[in-house]
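Below is one structure, written out as structure tokens; comments come after it.
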Amino acid sequence: MRWIQSARMIFEVFPDKTIVMISHRLATIRYVGQVYFMEPGEIKEHGPYRQLMELQGQYAGFYRTQAEKYEY
């Protein structure tokens, strides 16, 4: 998917920089070092993608719901 390739390219071009990425498409932030899952004004969960998916919390639920819309 094109937006995922664009996100990866950002990290390749700036490997030694801190990048803050805000996205509603959760697949675009799959490759970041730390994910901060927020609800109005509050950090609900944070950690690497794999850890958040293993926790089966709110982030994982949102990710799965969104991914189902893109599966054929």
Side-chain angles (χ1 to χ4, degrees):
M1 297 182 172
R2 191 171 200 149
W3 64 86
I4 294 173
Q5 292 170 341
S6 297
R8 282 186 186 167
M9 188 171 66
I10 290 170
F11 298 114
E12 290 171 4
V13 172
F14 302 106
D16 58 340
K17 303 292 182 194
T18 297
I19 300 168
V20 176
M21 182 179 289
I22 299 169
S23 179
H24 290 274
R25 284 194 170 142
L26 300 180
T28 62
I29 58 171
R30 185 174 178 170
Y31 303 99
V32 302
Q34 288 288 312
V35 175
Y36 288 84
F37 182 78
M38 300 178 73
E39 287 190 342
E42 187 177 350
I43 297 172
K44 292 293 189 172
E45 299 175 4
H46 66 91
Y49 163 81
R50 290 182 193 269
Q51 179 184 7
L52 294 180
M53 293 303 286
E54 289 172 5
L55 288 175
Q56 298 295 311
Q58 289 179 294
Y59 174 82
F62 273 84
Y63 188 93
R64 282 192 306 274
T65 299
Q66 212 174 67
E68 290 171 1
K69 294 179 182 180
Y70 293 102
E71 291 179 3
Y72 298 107

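Just so you know, these numbers use all the heavy atoms, side chains as well, and skip hydrogens, waters and symmetry mates.
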Just by modelled atom types, is the Q58 backbone N or O under 3.5 Å from a matching donor or acceptor in the E45 side chain? yes
Interatomic distance, [X] atom [atom1] to [Y] atom [atom2] [nearest 0.5 angstrom]:
{"X": "Y59", "Y": "Q51", "atom1": "OH", "atom2": "CD", "result": "12.0 Å"}
{"X": "L26", "Y": "M53", "atom1": "CG", "atom2": "CE", "result": "9.0 Å"}
{"X": "L52", "Y": "F37", "atom1": "CG", "atom2": "CZ", "result": "9.5 Å"}
{"X": "D16", "Y": "F14", "atom1": "CG", "atom2": "CZ", "result": "9.5 Å"}

[X] and [Y]: same hydrophobic cluster, using ILVMFWY side-chain contacts below 4.5 Å?
{"X": "V13", "Y": "I19", "result": "yes"}
{"X": "V35", "Y": "M38", "result": "no"}
{"X": "Y36", "Y": "L55", "result": "no"}

